[in-house]
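Report on one structure; see the data block that follows.
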Amino acid sequence: MQNLPTTYSPKDLEPRLYKKWEEGHYFHAEVPRKENGEVDYSKKAFTIVIPPPNITGQLHMGHALDNTMQDILIRWKRMQGFNTLWQPGTDHAAIATEVKVIQKIIADGHTKEELGREGFLKEAWAWKETYHNRILNQLKKLGASCDWDRTRFTMDEGLSNAVQEVFIRLYDQGLIYRGNRIINWCPVCQTSISDAETLHEEQQGHFWHIRYPYADGTGYIEVATTRPETMLGDTAIAVHPGDERYADVVGKMVILPLVNKEIPVIEDAYVDKEFGTGAVKITPAHDPNDFEVGLRHNLEQINVLTDDGHINENGGKYCGMDRYEARKQIVADLEEGGYLVRVEDMVHAVGTHDRCHSTVEPMIKPQWFVAMDKLRKPAIDVVRQDKVRFVPKRYEKMYFNWMENLHDWCISRQLWWGHRIPAYYCQECGNILVSREAPKAGCKCGKCGAENWKQDPDTLDTWFSSALWPFSTLGWPEQTPELSYFYPTDVLVTGYDIITFWVSRMIFSALEYTHDIPFKDVLIHGLVRDEQGRKMSKSLGNGIDPLEVIDQYGADALRLMLVTGNAAGNDMRFYWSKVENARNFANKMWNASRFILMNLDEELPETMDPASLEAADRWILSKCNNLAKEVTENLDKYELGVAADKLTGFLWEELCDWYIEMVKPRLYNKTPEGAPSRTAALWTLKKVLVDGLKMLHPYMPFITEEIYNYLVPEEDTIMYAPWPVYDEAMNFPAEEDEVERMKEAIRGIRNIRTQMNVTPKTKTEVIVVSADDQVRDIFARGAGFLSPLAMATRVSVQADDAGISENAVTIPIRDAKVRIPLEELVDFAAEKARLEKEKKRLEGELKRVSGKLSNQGFLAKAPANVIEEEKEKQTKYQALMAQVEESLARLG
RNA sequence: GGAAACGUAGCUCAGCUGGGAGAGCAUUCGGGUCACAUCCGAAAGGUCGCAGGUUCGAACCCUGUCGUUUCCACCA
């Protein structure tokens with residue numbers, strides 16, 4: 001049989017295999033059809049939509065983790081026989097991309113304005129072409145088995161139609177509206193942003209206490225603020241209704257310092273009596289609360305800021321100053337005018353833009369909003385009713401908290417890169433026309449009859465289109481076969497950091513537009529941090545490029561490393577040593593496979609009767625069989641890390657370190673008498689390796705495919721090989737017990753050899769003594785491998801101690817003892833210490849077990865099988881103890 | 001202000017519905033064996049943050065407490 005190359009070289013095999021898969025369209029999913037052409041729903045679908053990566057960047061470790069998890073699930077389900085679709089694509093990432101494109105334009109010596117909207121968009125689309133392909137190619141390096149034939153982009157034609165459709169439908173229902181409301185404004189990016197994009201950063205600031213004199217000269221009222229420059233827009237002072245301290249000043253006018261304008265003192269329940277002075281300056285144009293108060297009291301809204309964060313003409317002498325410069329100047333002027341009472345240091349939360357981290361200014365602007373009140377309830381209900389399940393469940397709380405406290409969603413952005421809002425304004429009367437197409441010539445305004453329309457210049461929040469991703473990619477609003485067959489999708493895999501941005505919006509969007517959930521499960525993962533636990537970030541420069549890891553160690557190693565030893569929803573740290581370990585495991589599999597292939601020089605039967613196999617064969621087959629069950633159960637519960645641990649543990653330890661070593665003498669025995677045993681071993685090796693490779697394939701697709709191609713040359717790929725299923729006929733508990741007994745003996749002997757400094761070259765004889773016929777049979781059967789594994793020159797099995805040297809060391813094992821005549825090698829003091837230690841351990845165990853068994857409560861209430869187990873343990877420990885004591889007695 | 005998570009071997013983390021504490025790395029010792037030194041064998045290392053409670057039985061469930069982290073929030 002042709003064998004693998006001597007060295008494992010992922011760099012060589014990974015691109016080659018990926019090319020084969022991709023060119024052969026192995027990842028492609030079709031809607032299955034019956035003979036009459038109807039969709040065949042009897043073939044079950046399994047669908048995942050990729051969280052579309054932004055076209056701004058390149059693959060980072062977070063993508064690597066997210067997509068590895070998805071690929072594991074997809075490949076596993078594909079092998080289970082599902083018709084699997086992993087829907088790929090990218091996101092236009094409105095503001096992030098616009099910023100990048102502007103940077104490029106500036107680097108080219110131009111400005112955005114110079115190019116104009118059309119010229120800018122041309123640049124942006126060129127950017128998209130490059131970076132869209134780049135990031136998808138990076139996903140391919142990772143091994144992602146996406147259906148590339150179906151690749152979508154949030155701004156391609158179909159998806160743009162979906163966006164327009166949703167906008168128009170919601171507008172018609174009154175769920176999208178245009179309003180002059182207070183929004184978060186980023187003065188640096190010069191666009192509105194949603195609440196979700198606003199971070200609250202604790203900052204060290206000041207709390208300025210200011211006197212506002214009463215107009216009638218009867219004194220003053222004291223207010224405090226963290227943003228003194230906003231006083232330029234104050235239109236009232238508010239106190240709590242019924243606050244005795246201010247009862248007689250309500251209704252009075254105060255003079256706004258520096259501005260010299262009279263504003264009223266009003267009452268509003270929003271004011272907290274306990275906080276500060278109990279009196280609040282009200283700036284309706286620059287504070288969300290004040291905005292509401294202003295509406296209730298019909299206060300004037302005075303905007304004092306320009307879009308780029310300077311004081312505007314309403315700011316009098318401060319006009320033209322930067323907001324922070326103005327703050328300084330105003331404080332200085334207040335102090336000079338005797339209005340400043342005192343300044344406190346205060347840590348307070350400042351709203352910042354999540355992209356540029358500059359301080360956001362609340363501003364009143366005409367913007368488009370999605371009304372959340374009707375949408376939120378069904379979205380909460382489906383999660384409460386477990387129709388959409390978060391894994392781990394605790395993230396539901398995050399979701400509920402967000403959904404329940406949601407404000408209307410500001411969806412318009414003052415950007416060019418994105419879906420343009422399909423709204424047209426009559427230039428004569430301001431009437432709004434929302435329409436799929438631009439008003440044609442002759443289209444008259446329904447209100448004033450004019451024909452002068454102008455489209456809204458704004459675009460939509462990037463999350464507005466990604467909210468539709470699970471169904472827009474499948475063709476919605478068209479009722480495509482894809483939509484009816486692959487939707488709702490099965491699981492969404494994403495990080496906890498975008499539950500609010502994306503997951504929540506997909507859920508309410510799907511419910512409203514498709515009348516169905518977008519996905520059944522939401523599998524949440526954490527962040528990949530650096531070795532010190534810090535977030536990987538550009539500014540820190542501590543990011544590790546997955547492509548570099550792939551280049552050095554292979555995608556298989558990276559993938560395995562990312563999912564081992566961590567649980568869903570938890571952050572993890574990136575360690576090079578973990579990658580190395582994963583690569584070492586790959587290398588191990590490579591070499592074990594080479595060894596097996598090397599020995600596979602005979603035609604093996606398709607199936608073998610377990611009765612014609614040896615105990616060791618049945619042991620490993622049974623282990624493998626149970627492993628299939630456990631791994632499948634773990635994957636069902638999205639416990640990817642636990643499943644990976646079990647798999648690698650089985651393959652590395654049980655298969656490589658034990659079974660292969662046990663079987664070597666049989667493989668090397670090419671005599672006619674040894675032939676059946678050799679065939680049995682080879683058959684078992686191949687069977688276990690094939691099953692092991694299959695189970696490993698979702699984790700390590702490349703190496704498993706490569707080995708499988710050598711091992712099963714008649715098949716083209718492992719990708720569609722049937723997933724191993726637990727088979728009761730392959731369950732051999734007796735053999736499992738038998739071999740475990742042998743392993744105990746071997747470990748015991750090795751232990752003694754190490755402690756006694758017995759070098760491998762020293763001859764040792766192993767004598768197994770047991771009064772139990774069956775146990776003697778076990779050791780007789782296993783003598784063939786016991787001898788090499790325990791490095792014994794001779795193994796003999798007997799019923800009693802007859803003929804064994806007095807100085808032989810004794811190793812107690814279940815129902816037997818192993819005696820090794822070491823003669824002069826024995827250090828009696830050390831041996832005695834060893835036995836004493838063992839005795840102490842057994843005493844501890846016995847104490848615990850008999851404590852349990854003498855506890856009436858335990859006997860009365862514990863399940864029968866647990867009690868039985870404890871009794872067996874007691875018997876075992878008692879027997880071992882007797883042996884230890886006997887040995888100690890012999891030593892004197 | 002509200003909420004959540006974490007605290008287990010020197011380090012980083014697993015540990016499923018409660019029934020004898022695990023992995024990787026690091027450490028110590030031995031090994032050049034014809035699949036693999038990217039290896040093999042052996043060892044050492046933990047009162048599972050602390051205090052209560054529920055239970056026959058708790059790393060796991062409950063309460064409190066200390067410590068760390070994160071998310072959310074329109075109190076100036």
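Letters go in sequence order (proteins before strands), and every chain restarts at 1. Everything quoted here is computed from the prediction, not taken from an experiment.
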side-chain N/O A:Tyr575 vs B:A23 OP1/OP2, d < 4.0 Å: no

Salt bridge present between A:Lys670 and A:Asp601 (N-O < 4.0 angstrom): yes

So A:Pro788, base contact, sugar-phosphate only, or nothing? Heavy-atom distance under 4.0 Å. nothing

Decide yes or no for A:Leu682 and A:Leu600: does some side-chain heavy atom of the first lie under 4.5 Å from some side-chain heavy atom of the second? yes

Could you give the CZ-to-C1' distance, from A:Phe858 to B:C56, as a whole number of Å? 7 Å

Non-hydrogen side-chain atoms of A:Ile752 and A:Arg834 separated by less than 4.5 Å: yes

Using a heavy-atom cut-off of 4.0 Å across all strands, would you classify A:Gly565 as base, sugar-phosphate, or nothing? sugar-phosphate

Taking B:G53 as the reference, what is the distance to B:A14 when you measure between their P atoms (whole Å, please)? 30 Å

NZ/NE/NH1/NH2 to OD/OE distance under 4.0 Å, A:Lys743 and A:Glu654: yes

Under 3.5 Å donor-acceptor pair, A:Glu639 side-chain atoms to B:A14 base atoms: no

Considering every strand and a 4.0 Å limit on heavy-atom distances, what is the contact class for A:Val271: base, sugar-phosphate, or nothing? base

Examine the base of B:A23 for any acceptor or donor lying under 3.5 Å from a partner atom in the side chain of A:Lys578, and report the outcome as yes or no. no

Expressed as a whole number of angstroms, how long is the span from A:Trp402:CH2 to B:A3:P? 19 Å

Spacing of the C1' atoms in B:U65 and B:G19 (rounded, Å): 29 Å

A:Trp652 ring center within less than 6.0 Å of A:Phe650 ring center: no

For B:A3, which nucleotide is its Watson-Crick or G-U wobble mate, given both distances must be under 3.5 Å? B:U70

Under 4.0 Å: is that the gap between some side-chain N or O of A:Arg573 and OP1 or OP2 of B:C13? yes

Kindly confirm or rule out a cation-pi arrangement of A:Arg529 over A:Phe574, judged by NZ or CZ under 6.0 Å from the six-membered ring centre and within 45° of its axis? no

At under 4.0 Å between heavy atoms, what does A:Arg227 touch on the DNA or RNA strands: base, sugar-phosphate, or nothing? nothing

How far does the P atom of B:G10 sit from the matching atom of B:A44, given to the nearest Å? 15 Å

Using OP1 and OP2 only, check whether a side-chain N or O of A:Lys588 sits under 4.0 Å from B:C40. yes

Determine the contact category for A:Tyr270: base if any of its heavy atoms lies under 4.0 Å from a base atom, sugar-phosphate if only primed atoms, P, OP1 or OP2 are that close, otherwise nothing. base

Answer with base, sugar-phosphate or nothing: what part of the nucleic acid does A:Ala567 contact at a heavy-atom distance below 4.0 Å? sugar-phosphate

Can you check the A:His240 NE2 to B:A76 P distance for me, whole Å? 17 Å

Can you tell me which nucleotide in B:A5, B:U38, B:A35 comes closest to the side chain of A:Tyr668? B:A35

From the candidates B:A14, B:G19, B:G41, the one with an atom nearest any side-chain atom of A:Val642 is B:A14

Closer than 4.0 Å, any side-chain N/O of A:Trp652 to the OP1 or OP2 of B:C40? yes

Should the pair A:Glu869-A:Lys852 be classified as a salt bridge under the 4.0 Å nitrogen-to-oxygen rule? no

Nearest-angstrom distance, P atom, B:C48 to B:G22: 14 Å

If you look at every strand shown and take non-hydrogen atoms under 4.0 Å, does A:Asp290 touch a base, only sugar-phosphate, or nothing? nothing

A:Glu404 CD to B:G2 C1': how many Å, rounded? 12 Å

Does the side chain of A:Tyr212 pick up a donor-acceptor pair with the side chain of A:Asp234 at under 3.5 Å? yes

Proximal nucleotide (of B:A35, B:A73, B:G19) relative to the A:His200 side chain: B:A73

Within less than 4.0 Å of OP1 or OP2 of B:A42, is there a side-chain N or O belonging to A:Arg750? yes

Taking only side-chain nitrogens and oxygens of A:Lys837, does any of them come within less than 4.0 Å of OP1 or OP2 of B:A44? yes

Has A:Asn401 got a side-chain N or O lying under 4.0 Å from the OP1 or OP2 atom of B:C71? no

B:C34 P sits how many Å from A:Ile660 CD1, rounded? 15 Å

Contact class for A:Asn599 vs. all strands (heavy atom < 4.0 Å): base, sugar-phosphate, or nothing? nothing

Side-chain donor/acceptor of A:Thr277 to backbone N/O of A:Glu222, under 3.5 Å: yes

Per atom distances to the A:Phe207 side chain, the nearest of B:G19, B:A76, B:C36 is B:A76

So which one's nearest nucleotide on RNA chain B is more toward 5', A:Ser577 or A:Gly276? A:Ser577

Would you mind pulling out the nucleotide paired to B:C34, Watson-Crick or G-U wobble, both distances under 3.5 Å? none

Regarding A:Arg594 and A:Asn591, is there a side-chain donor-to-acceptor distance under 3.5 Å anywhere? yes

Can you check the A:Asn855 CG to B:U55 P distance for me, whole Å? 13 Å

Distance, P atom - from B:U63 to B:A3, rounded to whole angstrom: 13 Å

Under 4.0 Å: is that the gap between some side-chain N or O of A:Asn581 and OP1 or OP2 of B:A23? no

From B:C75, B:G19, B:C36, pick the nucleotide closest to the side chain of A:Ala862? B:G19

Short side-chain N/O contact to B:G41 OP1/OP2 from A:Asn751, under 4.0 Å: no

What is the separation between atom CD1 on A:Ile867 and atom C1' on B:C56, rounded to the nearest whole Å? 9 Å

By the Watson-Crick or G-U definition, both distances under 3.5 Å, B:G10 is matched with B:C25

Name the nucleic acid region contacted by A:Glu580, choosing base, sugar-phosphate or nothing; use a 4.0 angstrom heavy-atom cut-off, strictly under. nothing

Write down the partner of B:A51 under the Watson-Crick or G-U wobble criteria, each distance required to be under 3.5 Å. B:U63

Between P of B:G15 and CD of A:Glu630, the distance in whole Å: 15 Å

Judged by each residue's nearest nucleotide on RNA chain B, which is more toward the 5′ side, A:Asp571 or A:Glu661? A:Asp571

Any strand: nucleotide that pairs with B:G19 via Watson-Crick or wobble, under 3.5 Å: B:C56

Paired to B:G45 by Watson-Crick or G-U wobble criteria (both distances under 3.5 Å) is none

Using atom C1' in both nucleotides, what's the gap between B:U70 and B:C56 to the nearest angstrom? 40 Å

With a non-hydrogen cut-off below 4.0 angstrom, is A:Arg583 in contact with a base, only sugar-phosphate, or nothing? base

